[in-house]
Structure formats: structure tokens, C-alpha cells
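Reading through the C-alpha cells given below for one structure.
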Amino acid sequence: MVAQTHGEVGDVVAGLAAAVHRTRGTWSTARVDHAALETHGARAWVEPDGTLVVRTSTQVPFLVRDELARLLDRDPATVRVVAARVGGGFGGKQELLVEDLVAVAALRTAAAGDPRPVQLELTRAQQFTMVPCRHPMRVTVELGADADGVLTAMAVDVLSDTGAYGNHGPGVLFHGCHESVALYRCANKRVDAEAVYTNSLPSGAFRGYGLGQVVLGIESALDELAREVGISPFEIRRRNAVVPGDAFVVNGPPDTDLEHTGDGFAQCLDLVESHLAATAHTDATRVPLRPDGTPWLVGEGVAAAMIATIPPRGHHSNATLTLTPDGVVTLDVGTAEFGNGTATVHTQLVASTLGVPAHRVRLRTGDTATAGFDTGAYGSTGSVVAGTAVARAATSLRALLDAAGGDPARLDRPLVAHGSCDGSPRSVAFNVHGFRVAVDPRTGEVRVLTSVQGVDAAVVLNPEQLRGQVEGGVAQGLGSALQEEVVLVDGVPTTAAFRDYRVPTMADVPPTTVLFAATVDPLGPAGAKSMSEAPYNPVAPALANAVRDALGVRPHEIPMSRDRVWRLARSSPGGDR
């Protein structure tokens, strides 16, 4: 066992005994590959002054630098790590997987008097068989509620498979059991969770960091409880969700640096419910017909997720802005750009604060030699932590410029300003996803008629970019929900190529309507919240709830591949219908 957590607030046994309605179920999730466009790769060489330089595809250049220094017994000042634009990460590029090998080889060639650059890039097959995947989990949830659907008890039991090594096992376990449980008010909660070693592919960080797996169980159980009570899935969430002023309670004392401001969750529920109602008539005309002329079965589903905008226990970033007399502003910030859009957001923050056109802002990111320490681009922190550091540096530079007369051309030397952020206090963001689907019980095919997500991102800094981020999260969530699975035989992955491991193509991804709640986060830069990881988390449970609504029987395993949905349909009261 690599990690465990057990705790209780209130009395769950008494809460269940007092319940008028109860439900219990167990859900399982599969291994999922990150399927990033760029595989892991790095190049290393030794400079004439002895500095070890590693250029790598990583989300965490400073953590890689410090770990290389520790492993190689070198002063961190003699190690430089550079992360250019990374071709996708989704959590998979937070570990030291190739950098140590190229570093050792480069040092060896240098010591032999023949210094050469050394490069290693993993093949796609190696990516599938050697690199950590998403933690598969088994999640058991038991809920109790009074006659009005107000929760009286919540018990969550999680078993997480961390594979052959610990990797992110403890962090994923604790985070997965946090916001998923803290989202709902309940006087009696119990969490029992364990992460265990197995003789199989290692598991690691993956978008959502455990929330997607645990949210599947809780949101599915809550949906079933709403049926028992006789209220809508939207109403049961409204009656039980935390509201500003509530403590974020899991299984012990509340998290003290998390803050909840605004009514973003309530707005997201309203937005999704209204959109599903508005599209009902049109969707009714789009339901496919079977060969005998009978329509496919139609169902609706909704699920919610809450996520802290910053990881706990501190997340640090530093930014430096330099304004030269020619009016060019250079931004040095340590976070890496890997498709999360931080380069655009940081440019916007600098340009809008200083009142300069965006093309005059030059970025230097992800380089340990040019920027101050940055914990890394994960946990959706590129905008809210590094972005806050950038915004603070821009505000300081604006003050210096104003004091100098406001005209860069009149400067006799560059102006330099710094900003930093330590990632505390933290806010929470909310996402609500809704689906209307048609299911063919004879084949197990699930076809999405309507997909809509309500997003509490507070002030949206770049609407088009954020819509793309949400749409990408939904596409990845659909893959996890319907088709993606790393299959192991005797501990060895057999899905070692995209012909066997099926990620959604563009043709597989339906349009998703993205609706933004109107809130302002006092903690984020310009009032914004992060939204990189968050859109992924409610997708699979919302789809599972929609399939349950269509078939009358609940899925308990994802991915909901066609064969599994077909078997599910045959087990329903109506048989294959």
C-alpha cells in the first residue's frame, strides 16, 4: 500500500438509519492514456562552462532541474532546463522519464573529451507501455437523504491502483476524495480510501488528478438518489450543494485556505437545465430509427464537479518584466506552455495593464536560466498563479513607467519590475455538464444529441480560447467515457498503438455548447478562475446518467463501450427492446 486515508465527521451509521431514501453502488474506471500529440523527449548537452543543459518536453522545468541536480549531485545553478512549447501534457509530463537518461549520457560524453548532444524521444509504443497512465479506481458510494432529498449521510470508499511505483499515488488519492466529497453539504460523511501497488503499468497524474474517477461514483449515486426521492437531478444538486459561507468538509476539519465566492454553481445548473429544455423539441426530430422503424431510446443526464483552482500546500511563481526605451516589454516567467493557453493570457495581462499592443510583448517562458522559480504548469495554475505573478509585475511596471513620465522613449535605461504569487488563498470553480443521448439497445451505440457545459470561470480573459479548452476537455472526457482503455494482459499493455487504443477523432466528437456563468473571483488575475482541468471531470458521469435514463439500468463501468452498453441493455427490464 502506498497511501490511505480514513476519516469521518458526524455519524454516518446514524445518518443512514435516519434516511428516508438510500442508495448504494460501486463504479469502476479503466486505465486511460494521456495520448498527447508529442511523446516524451529530451535533448541534453554540456556547455563549455560546465553547465548541463536539458531541453525537454515537460510541464515542470524547475522541478526537473532540482531533481536532476539531486540525482547527479550537482549544484542546481549548474543545471539549466528549457521547456519550449510542449505538444500536450494532460498531467503526463510532470515526471522525470527521459531527462535523467540524456543527462547522464551527455555528462559521460563530455567527461570522455568528446562532448555531444544526446537526444531520446519515446516511440508511441513506448509511450503506451512505459509511461504512467490514469489511475484505475473502484469507487463505492452510499448515500442517505430525508424525504425532501437533503443528504443525511455520505460514505465513500475508494481503491486506487497505482501500479508498480508510487508516482502520484498519494496525491491523486487525496485530491480525488477532496472536492468531489466537499461539493455537497452533509452532516455525516465518511471516507475510506487506499492506493495500492500492483504488478502492472504505473499510474500517474492525469487531467482532474483523481476527481474524474471519484466524481463518477458520487454523481451517479446522487442521480439514483434523485430518482428515489422523486425530484429532478438538478433539484437534488441545488438542495445539497455548498454555498458561500459553508465550510468545505470532507472527513475532518475544513480546508482553511479555500474560499467560495459567488453563485457560479447555481448559475451553471440553471444554464444547463435551460439549454436542455430549449433543445428538447429539436432533438426529438433527430432521434435515429432502427430497421423496424422504432426510435432509439433517449435519455438525459447531468453531473457536476468542483475543483480548487490551485493545488494545496503552496504553488509558487515569479515573473519579471523589462521595458526598454524602444517600447518592447520582455516577460520572463517560469511556467511552461503546453497547450493550456498561458502564453496568450500572460500577453493579454501585460498588454492591457501597460496599454501597449500585444506584439510589443516578448515572452520567455519555461527556462530555468531566465526566470525565477515556478512550481510548474499543472493544477490549472498557469493562469491563476503564474498569471497573478505576471499581473502584479505588470502593475508594478506601470507604476514605474507613470513615475518616469509615461513615455518609454524618454527612459535612459530599462525599467524592471517583479511579481510573485504563492498560491494561497485558493478559490473553487464549478462545472456542470448535460447530455441528451440516443441509445440503440440492439448494438450498444450511444449517440449524443445535445452536449452542453455550464462553466464557472469567473471573468473570462479570452472567450474563444476558453471555449476551445472546454471543448477539448469534453472530447477527452467522451473518450474516457465511451472508448479509451489501456488493456493489460499479464501486466503488459496490449493497446500499444492508436489502431488499438482508440481516441476520439473529430468525427466522434459532437458539438458542445459552452455557457459561462457571470461571476468575479477576487483572488484570480483580473477576476478570473482557472479552467484547464475542470471541464473534463463531469463529462463521464453526465453521460453515464444519460445512458441510465435511456435504458432504465445504470452503467457501473467505464468506458461504456458498445459491447458493455449492449449487455447493459439486455439486462434491463425491457430486454434488448
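What you see is a predicted model; the values in this text were computed from it and never measured. The basis for the numbers below is simple: all heavy atoms, side chains too, and nothing from hydrogens, waters or symmetry mates.
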Report the relative orientation of the aromatic rings in Tyr184 and Phe265; use parallel for angles under 30°, tilted for 30 to 60°, perpendicular for over 60°. perpendicular
Quick one: sort the Phe373 and His316 rings into parallel, tilted or perpendicular, breaks at 30° and 60°. tilted
I'd like to know if the side chain of [X] pairs up with that of [Y] as donor and acceptor (distance under 3.5 Å, no hydrogens or angles considered).
| X | Y | result |
| --- | --- | --- |
| Tyr501 | Glu484 | yes |
| Thr381 | His315 | yes |
| Asp223 | Ser220 | no |
| Asn462 | Gln348 | yes |
| His40 | Thr58 | no |

Strictly under 6.0 Å, is that where the ring centroids of Phe248 and His178 end up? no
Indicate yes or no for a side-chain donor-acceptor contact from Arg426 to the backbone of Thr309 under 3.5 Å, with no hydrogens or angles considered. no
Main chain of Val139, side chain of Gln213: is a donor-acceptor contact present, judged purely on distance under 3.5 Å? no
Is it the case that more than 12 heavy atoms not belonging to Arg85 sit under 6.0 Å from its CZ atom? no
Asp521/Lys529 salt bridge by N-O under 4.0 Å criterion: no
Pick out which of Phe128, Phe206, Tyr536 makes a ring pair (Phe, Tyr, Trp, His ring centres under 6.0 Å) with His34. Phe206
